[in-house]
J.: 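Sharing a structure here in structure tokens format.
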Amino acid sequence: KVAKTGFFPKIGFGNHLSPALYVEDLVDCLSTAKEKAVVGETYITSSEVSYELGRVVRIIAEQLNRKVRMFFVPKLLALIGAWVLERASLLRGETPLVTVRNIRSATTDRVFDIGKAKRDLCFQQKISLEDGLQMTVEYYKSAGYL
């Protein structure tokens, strides 16, 4: 929804890396796990690489036929603003638009090693970031979320 507005805040410095795995790839891995997984073992299922937030936003904007301008917001300012919004929403009995937890999560790089899932479960991501985001945007449009 934020990308649809044409403006997107980039909070703090850094790449803001995050994995993006389309649900069909996850379901395939879970299906294989019931056959091949070792009981008691833990497997991390994720995309093979983590993607920069800017790249994800640009792909979503493309799918929405929008140009998006990213603008810098200092992390401390975003945290303070989120804290104020949380308190105001609490007083009104509403769900806050953004939370301190959202800001911390969005500014934390998440990179995972999926080597064990690849080795033991023969896991391989089949759906690219671009294709997965395209299908996700189409779903959100058809469901009336966008």
J.: Which residues end up grouped with Leu17 if you chain together Ile, Leu, Val, Met, Phe, Trp and Tyr wherever their side-chain heavy atoms are less than 4.5 Å apart?
T.: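 Its cluster mates, by chain and number, are Val111.
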J.: Applying a strict under-4.5 Å side-chain criterion to I, L, V, M, F, W and Y, I'd like to know whether Ile103 and Val84 cluster together.
T.: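 Hydrophobic grouping puts Ile103 with Val84.
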J.: Applying salt bridge (charged side-chain N to carboxylate O under 4.0 Å, His left out) as the test, list every pair that has at least one member in residues 88-106; sequence neighbours left out.
T.: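 Checked against salt bridge (charged side-chain N to carboxylate O under 4.0 Å, His left out) - neighbours excluded - the pairs reaching residues 88-106 are Arg92-Glu94.
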J.: Side-chain contact test, heavy atoms from C-beta onward, threshold under 4.5 Å: evaluate it for Cys29 versus Leu121 and give yes or no.
T.: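 Yes; the side chains approach each other to less than 4.5 Å.
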J.: Please round to the nearest 0.5 Å and tell me the distance separating atom CG of Leu97 and atom NZ of Lys1.
T.: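 Between atom CG of Leu97 and atom NZ of Lys1 there are 9.5 Å.
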J.: Once salt bridge (charged side-chain N to carboxylate O under 4.0 Å, His left out) is applied, what residue pairs with a partner in residues 116-125 remain, sequence neighbours excluded?
T.: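 Checked against salt bridge (charged side-chain N to carboxylate O under 4.0 Å, His left out) - neighbours excluded - the pairs reaching residues 116-125 are Glu41-Lys116, Glu48-Lys118.
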J.: List for me each residue that meets side chain to side chain donor-acceptor pair (under 3.5 Å) alongside Glu35, sequence neighbours excluded, and say none if there are none.
T.: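 Partners of Glu35 under the side chain to side chain donor-acceptor pair (under 3.5 Å) test: none.
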J.: Within the 4.5 Å heavy-atom criterion, are Ser50 and Ser18 side-chain neighbours or not?
T.: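 No, every pair of side-chain atoms sits at 4.5 Å or beyond.
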J.: Tabulate below the donor-acceptor pairs under 3.5 Å that side-chain atoms of residues 57-77 make, not counting sequence neighbours, or state none.
T.:
| residue | atom | partner | partner atom | Å |
| --- | --- | --- | --- | --- |
| Arg58 | NH1 | Gly54 | O | 3.3 |
| Arg66 | NE | Lys4 | O | 3.3 |
| Lys75 | NZ | Thr107 | OG1 | 3.4 |

J.: Kindly say whether Val2 contributes a backbone atom to a donor-acceptor pair with the side chain of Thr5 at under 3.5 angstrom?
T.: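 Checking the backbone N and O of Val2 against the side chain of Thr5, a donor-acceptor pair under 3.5 Å is found.
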J.: Are the side chain of Thr99 and the backbone N or O of Asn102 linked by a donor-acceptor pair below 3.5 Å?
T.: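 Yes, the answer is positive, given that a donor and an acceptor are paired below the 3.5 Å cut-off.
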J.: Hydrophobic cluster mates of Leu30, side-chain heavy atoms under 4.5 angstrom, ILVMFWY only, any path?
T.: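 ILVMFWY cluster around Leu30 also holds Leu21, Leu26, Ile44, Phe112, Ile114, Phe123.
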J.: Can you check whether Val27's main-chain N or O pairs, donor with acceptor, with Ser31's side chain at less than 3.5 Å?
T.: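 A pair under 3.5 Å: no.
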J.: My understanding is that only residues two or more places apart in sequence, or in another chain, count here; which of them pass side chain to side chain donor-acceptor pair (under 3.5 Å) with Gln124?
T.: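 Gln124 satisfies side chain to side chain donor-acceptor pair (under 3.5 Å) with no residue once adjacent residues are dropped.
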J.: Any non-hydrogen side-chain atom of Val137 less than 4.5 Å from a side-chain atom of Lys141?
T.: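 Val137 reaches Lys141 side chain to side chain.
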J.: Asp131: what forms a side chain to side chain donor-acceptor pair (under 3.5 Å) with it, not counting sequence neighbours?
T.: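 With neighbours one apart ignored, the set is Ser128.
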J.: Could you name each residue pair satisfying ring-ring contact (aromatic ring centres under 6.0 Å, His included) that touches residues 17-61, not counting sequence neighbours?
T.: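 Qualifying pairs, neighbours excluded: none.
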J.: Going by side chain to side chain donor-acceptor pair (under 3.5 Å), name the residues that satisfy it together with Glu52, two or more places apart in sequence or in a different chain.
T.: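 With sequence neighbours excluded, Glu52 shows a side chain to side chain donor-acceptor pair (under 3.5 Å) to no residue whatsoever.
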J.: Indicate yes or no for a side-chain donor-acceptor contact from His16 to the backbone of Ile11 under 3.5 Å, with no hydrogens or angles considered.
T.: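 Yes: the side chain of His16 pairs with the backbone of Ile11.
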J.: State yes or no: do Leu133 and Val49 share one hydrophobic cluster built from I, L, V, M, F, W and Y residues joined by side-chain heavy-atom distances below 4.5 Å, directly or via other members?
T.: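 As far as the 4.5 Å side-chain criterion goes, Val49 and Leu133 are connected within one cluster.
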J.: Within the 3.5 Å criterion, strictly below it, is a donor on Gln134 or Glu130 matched to an acceptor on the partner's side chain?
T.: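 No, no side-chain donor-acceptor contact under 3.5 Å.
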J.: Any non-hydrogen side-chain atom of Ser46 less than 4.5 Å from a side-chain atom of Arg110?
T.: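 Contact flag for Ser46/Arg110 side chains = no.
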J.: Does any part of the side chain of Met135, heavy atoms only, come nearer than 4.5 Å to the side chain of Ile127, both counted from C-beta?
T.: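 Yes, their side chains come closer than 4.5 Å.
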J.: Please enumerate all residues that pass ring pair (Phe, Tyr, Trp, His ring centres under 6.0 Å) together with Tyr140, with sequence neighbours excluded.
T.: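 Listed in chain order: Tyr145.
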J.: According to a hydrophobic-cluster definition based on side-chain heavy atoms being under 4.5 Å apart (Ile, Leu, Val, Met, Phe, Trp, Tyr only), do Val56 and Val23 belong together?
T.: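 Unlinked, Val56 and Val23 end up in two clusters.
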J.: Output every pair passing salt bridge (charged side-chain N to carboxylate O under 4.0 Å, His left out) with a member in residues 7-31, not counting sequence neighbours, ordered by first then second residue.
T.: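 Qualifying pairs, neighbours excluded: Asp28-Lys126.
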